[in-house]
2 protein chains.
Amino acid sequence: MDDKLDAIFSALADPTRRAILGRLAKGKATVAELADPFALSQPAISKHLKVLEQAGLIRSGREANSRPRVLEPAALKTIADWMADYRRFWDQSFDRLDDYLSKVQGYEND
Amino acid sequence: MDDKLDAIFSALADPTRRAILGRLAKGKATVAELADPFALSQPAISKHLKVLEQAGLIRSGREANSRPRVLEPAALKTIADWMADYRRFWDQSFDRLDDYLSKVQGYEND
DNA sequence: TAGCTATATAGCCATATGGATATATTCTCG
DNA sequence: CGAGAATATATCCATATGGCTATATAGCTA
C-alpha cells in the first residue's frame, strides 16, 4: 500500500501529468490529443503516460490505430482515503458533518 | 500554485515522510522523537523534515534546546481542494450529498 | 567557559527523473 | 504488400533525490 501511495503521489507531483489528468477528466483522449497542449516531444508525453498508468491513475484502450487513455478514478480514491485521517485538521465542519449525517434518517451513503 | 502542488505531492511521495506526518498528527515532536522509529541517520531525517517544511506541511518551533515540529494542515487542504475536481469520479454519493446538504435547513458549513 | 545535547549543514555517492533524438512497432488503407 | 499514421522503446544527458559520514552551530548546565 505504501508503494501504491508512493507511485500515486509522485505521479501527481508534476504539472504536466496533472494537466493530462485534467484533460482526461473531460473524457477519453489519444496520445496525440494529450500531447497537443504541451511544448514537449511525443516520447516525453508517452513517458508521462506510462508513469500515470503505472500509478493506476489512467488506463490504455485500443481503438483502431490509436491507444486512447481514460481516467482511472480508483487511484485518486486511494489517496483521498489516506488523507481522510488528516481531514479533521483543516476541515472544522468535518466532525460535525459526520456526526450530523449519522443522525439523519433516510440518508444512505451507498 | 502549480509549484505548491508539486512540492506538496512530491513531499508526500515518500513513506518516511508520510510516517512523520502520521506521528505529527498525534502532536508536536522533536527531531529525535521523529527519527526514533526509523533506521535512518539523523541528517537523513533532518533532510526529510526540510522537504516537508518547504512544502508547507510542517512548521518548526523553538523550545529550549530543541526545535519541535508541528503539523501544518493548510498544505493538505491545498491538495484536497485540487482533488475536489475529481471527487465526482469515485464518490458516487458526492453529488447526492452535496445536493442533500444544500436542502437541509439549519446546517451551516461555517 | 567547557562540555554535553539537539539539530543543521557540507560533501560525497548511487540511483531516479525528465527531456531530447533516433528508431522500432503496430495498425490501417490503397 | 507498401506507405503512412500513431505510439512505444532505446539511448543519452543533465539535474534531482535520498542516503551516509563528518563537521558545524546553538543552547543548556555545571
Side-chain angles (χ1 to χ4, degrees), chain A residues 2-24 27-72 75, chain B residues 2-24 27-72 75:
Chain A
D2 247 21
D3 289 346
K4 222 178 208 173
L5 287 171
D6 286 4
I8 299 172
F9 277 125
S10 91
L12 293 176
D14 179 289
T16 301
R17 289 193 289 260
R18 287 195 306 274
I20 288 173
L21 291 182
R23 168 61 186 80
L24 289 176
K28 173 173 67 175
T30 67
V31 174
E33 286 165 350
L34 292 170
D36 190 56
F38 303 102
L40 291 178
S41 66
Q42 171 261 312
I45 299 295
S46 281
K47 232 188 210 176
H48 281 305
L49 293 174
K50 196 173 204 171
V51 172
L52 288 169
E53 186 161 4
Q54 287 177 342
L57 285 158
I58 66 173
R59 200 161 30 85
S60 301
R62 170 62 72 137
E63 216 162 274
N65 209 3
S66 80
R67 269 150 265 197
R69 304 310 207 268
V70 293
L71 204 61
E72 196 68 85
Chain B
D2 247 20
D3 289 347
K4 222 179 209 171
L5 287 170
D6 286 4
I8 300 170
F9 277 125
S10 92
L12 294 176
D14 180 290
T16 302
R17 288 194 290 260
R18 288 194 305 275
I20 288 173
L21 291 182
R23 168 62 187 78
L24 289 176
K28 173 171 66 173
T30 67
V31 174
E33 286 165 350
L34 292 170
D36 190 56
F38 303 101
L40 290 179
S41 66
Q42 170 264 311
I45 298 295
S46 282
K47 234 188 209 178
H48 282 306
L49 293 174
K50 196 173 205 174
V51 171
L52 288 168
E53 185 160 6
Q54 286 177 343
L57 284 159
I58 66 173
R59 199 161 29 85
S60 301
R62 168 64 71 140
E63 216 161 275
N65 211 2
S66 80
R67 270 151 264 200
R69 303 311 206 269
V70 292
L71 203 61
E72 196 68 85

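What you see below is based on every heavy atom in this structure, not just the backbone, and it leaves out hydrogens, waters and symmetry mates. Convention: sequence-line order gives letters A, B, ...; per-chain numbering from 1.
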Notebook entry, point to check: Expressed in angstrom and rounded to an integer, what is the separation of B:Asp6 atom CG from D:dA16 atom P?
Noted result: 13 Å
Check: Sequence neighbours excluded, which residues qualify as side-chain contact (heavy atoms from CB on, under 4.5 Å) partners of A:Ser46?
Finding: A:Val31, A:Gln42
Notebook entry, point to check: For the pair made of CG in B:Asp14 and P in C:dA16, what is the distance, rounded to whole Å?
Noted result: 14 Å
Margin query: I'd like to know if A:Asn65 reaches the base of C:dT28 with its side chain, counting only an N/O donor and acceptor under 3.5 Å.
Written below: no
Next item on the list: Using only side-chain N and O atoms of A:Arg69, determine if any of them is under 4.0 Å from OP1 or OP2 of D:dA8.
Entry: yes
Next item on the list: May I ask you to say what A:Thr30 touches in the nucleic acid, namely base, sugar-phosphate or nothing, with a heavy-atom cut-off under 4.0 Å?
Entry: sugar-phosphate
Item checked: Partner of B:Leu52 by side chain to side chain contact (heavy atoms under 4.5 Å, CB included), out of B:Ile58, B:Ile8, B:Leu71 -> B:Ile58
Check: Reckon B:Ser41 touches a base, only the sugar-phosphate, or nothing at all at heavy-atom distances under 4.0 Å?
Finding: base
Checklist line | Atom pair distance, as rounded to whole Å: CG in B:Leu52 and C1' in C:dT7 | finding: 16 Å
Item checked: B:Glu63 CD to C:dA6 P, straight-line distance once rounded to whole Å -> 14 Å
Check: So among B:Leu24, B:Leu49, B:Leu21, which one has a side chain to side chain contact (heavy atoms under 4.5 Å, CB included) with B:Leu57?
Finding: B:Leu21
Next item on the list: Would you tell me if any nitrogen or oxygen in the side chain of B:Ser46 comes within less than 4.0 Å of OP1 or OP2 on C:dT7?
Entry: no
Item checked: Nucleotide nearest B:Ser66 when distance is taken to its side chain, options C:dA6, D:dT7, D:dT9 -> C:dA6
Margin query: Categorize A:Ala39 for me: base, sugar-phosphate, or nothing, with a 4.0 angstrom heavy-atom threshold over every strand shown.
Written below: sugar-phosphate
Check: Base, sugar-phosphate, or nothing: which does B:Leu40 touch, judged by heavy atoms less than 4.0 Å apart?
Finding: sugar-phosphate
Margin query: What is the distance, to the nearest angstrom, from the CD1 atom on B:Ile45 to the C1' atom on C:dA6?
Written below: 14 Å
Notebook entry, point to check: Does C:dG19 have OP1 or OP2 sitting under 4.0 Å from an N or O in the side chain of A:His48?
Noted result: yes
Check: Which nucleotide, D:dA8, D:dT9, C:dA8, lies nearest any side-chain atom of A:Lys50?
Finding: D:dT9
Next item on the list: Quickly work out the B:Arg62 CZ to C:dT7 P distance and round it to whole Å.
Entry: 10 Å
Notebook entry, point to check: Taking CG from B:Leu34 and C1' from C:dT7, how many angstroms apart are they, rounded to a whole number?
Noted result: 12 Å
Notebook entry, point to check: Quick one: B:Lys47 NZ to C:dA8 C1', roughly how many Å, whole number?
Noted result: 12 Å
Item checked: B:Arg18 side chain vs B:Leu12 backbone, donor-acceptor pair below 3.5 Å -> yes
Next item on the list: Give a yes or no on whether a donor-acceptor pair under 3.5 Å exists between the nucleobase atoms of C:dA8, that is its base, and the side chain of B:Gln42.
Entry: yes
Item checked: Any donor-acceptor N/O pair, A:Arg17 side chain to A:Ser10 backbone, under 3.5 Å -> yes
